[in-house]
Novice: 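Following this message is one structure expressed as structure tokens.
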Amino acid sequence: MSKPFTLTVNGREYDLDVPPTMPLLDVLRNHLGLKGSRYGCGLEQCGACMVLIDGSAEYSCSREVGTLGGRSITTVEGLGSAEALHPLQQAFLEEQAGQCGYCLSGILISAKAFLDRNPDPTRVEVAAALDANLCRCGSHPRILRAVLKAAAALRHEVA
């Protein structure tokens with residue numbers, strides 16, 4: 001049964017009338033047209049569906065949309081724009097840190113949440129922070145370099 005409510009995504013409020021048990025990922029992709037978050041496994045095992053919920057990286061494939069009233073959701077589309085890329089997006093482009101790209105939205109979201117908590121990480125810390133995100137293409141070395149490069153860029157911006 002549907003229930004009207006408001007959802008805040010990427011700083012914008014959306015009035016929705018969907019079942020409260022619908023997965024957030026379905027709402028993002030099928031009702032809001034935000035295709036950046038991807039369906040991978042549906043079991044919180046791959047990280048392709050990651051979004052920020054109040055700044056914390058969380059799986060959207062299993063999160064019921066009815067639990068998100070009053071929360072702020074950020075998808076990969078909310079990180080930056082074509083005109084002003086987020087430093088993570090810029091670093092991923094510069095390092096060519098993706099091959100097929102299927103996993104990248106989830107990795108970018110997880111990396112954003114991690115760098116917000118730890119702005120000066122080691123390579124080992126980055127690898128541990130991204131452990132829940134699967135990449136089948138073998139881009140891990142470039143992904144780690146890109147996150148470290150973005151961390152350096154973000155520290156420089158703040159300084």
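Quick note: numbers below take in every heavy atom, side chains included, and nothing from hydrogens, waters or symmetry partners.
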Novice: Please list all pairs meeting salt bridge (charged side-chain N to carboxylate O under 4.0 Å, His left out) that have one or both residues in residues 133-153, counting only residues at least two apart or in different chains.
Specialist: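 Every salt bridge (charged side-chain N to carboxylate O under 4.0 Å, His left out) pair that includes a residue of residues 133-153, provided the two are not neighbours, is E94-K149, E95-R145, E95-K149.
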Novice: With sequence neighbours left out, what residues match N118 under side chain to side chain contact (heavy atoms under 4.5 Å, CB included)?
Specialist: F114, P121, E125
Novice: Mind listing the closest non-hydrogen atom pair of V147 and A111 along with its distance?
Specialist: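 Here V147 and A111 meet closest at CG2-CB, 3.9 Å.
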Novice: Using a 4.5 Å cut-off between side-chain heavy atoms of Ile, Leu, Val, Met, Phe, Trp and Tyr, which other residues end up in the same hydrophobic cluster as Y39?
Specialist: L25
Novice: Mind listing the closest non-hydrogen atom pair of L79 and H86 along with its distance?
Specialist: O-CB, 3.5 Å
Novice: Tell me the salt bridge (charged side-chain N to carboxylate O under 4.0 Å, His left out) pairs involving residues 14-37, sequence neighbours left out?
Specialist: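 Found none.
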Novice: Which heavy atom in A146 sits nearest to a heavy atom in A91, and how many Å separate them?
Specialist: O-CB, 3.2 Å
Novice: For V9, what are the other residues in its hydrophobic cluster, where any two members join if their side-chain heavy atoms are less than 4.5 angstrom apart?
Specialist: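 The other cluster members (ILVMFWY side chains, heavy atoms under 4.5 Å, direct or chained) are F5, L7, Y14, L16, V18, M22, L24, V27, L28, L32, L34, V51, I53, V65, L68, I73.
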Novice: Can you run down the salt bridge (charged side-chain N to carboxylate O under 4.0 Å, His left out) pairs that involve residues 106-115, sequence neighbours left out, and say none if there aren't any?
Specialist: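 Found K112-D116.
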Novice: What residues form a side chain to side chain donor-acceptor pair (under 3.5 Å) with T75, not counting sequence neighbours?
Specialist: N10, E77
Novice: Provide the full list of side chain to side chain donor-acceptor pair (under 3.5 Å) pairs with a residue in residues 50-65, sequence neighbours left out, each pair given once.
Specialist: E44-S62, D54-R71, E58-R63, R63-T67
Novice: Keeping E83 on the side-chain end and S81 on the backbone end, is there a donor-acceptor pair under 3.5 Å?
Specialist: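 Judged by distance alone, no pair lies under 3.5 Å.
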Novice: Rounded to the nearest 0.5 Å, what separation is found between the CG atom of L108 and the CG atom of L52?
Specialist: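 Rounded to the nearest 0.5 Å, the CG-CG separation comes out at 10.5 Å.
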Novice: Under 3.5 Å, side-chain donor or acceptor atoms of residues 127-135 against the rest of the protein: list the pairs with distances, not counting sequence neighbours.
Specialist:
unit_1, atom_1, unit_2, atom_2, d
N133, OD1, S110, OG, 3.0
N133, ND2, G47, O, 3.4
N133, ND2, G106, O, 3.3
N133, ND2, S110, OG, 3.4

Novice: Which pair of heavy atoms, one from A97 and one from I143, lies closest together, and at what distance?
Specialist: O-CG1, 3.4 Å
Novice: Going by side chain to side chain donor-acceptor pair (under 3.5 Å), name the pairs with one or both residues in residues 96-106, residues two or more places apart or in two chains.
Specialist: none
Novice: Suppose we screen for side chain to side chain contact (heavy atoms under 4.5 Å, CB included). Which residues come up paired with E13, at least two apart in sequence or across chains?
Specialist: T6, T8
Novice: Does some side-chain heavy atom of C61 sit less than 4.5 Å from a side-chain heavy atom of P23?
Specialist: no
Novice: Which atoms form the tightest heavy-atom contact between A113 and G55, and what is the distance?
Specialist: CB-O, 3.7 Å
Novice: Taking side chain to side chain donor-acceptor pair (under 3.5 Å) as the definition, give me every residue that meets it alongside N30, ordered by chain and number, with sequence neighbours left out.
Specialist: none
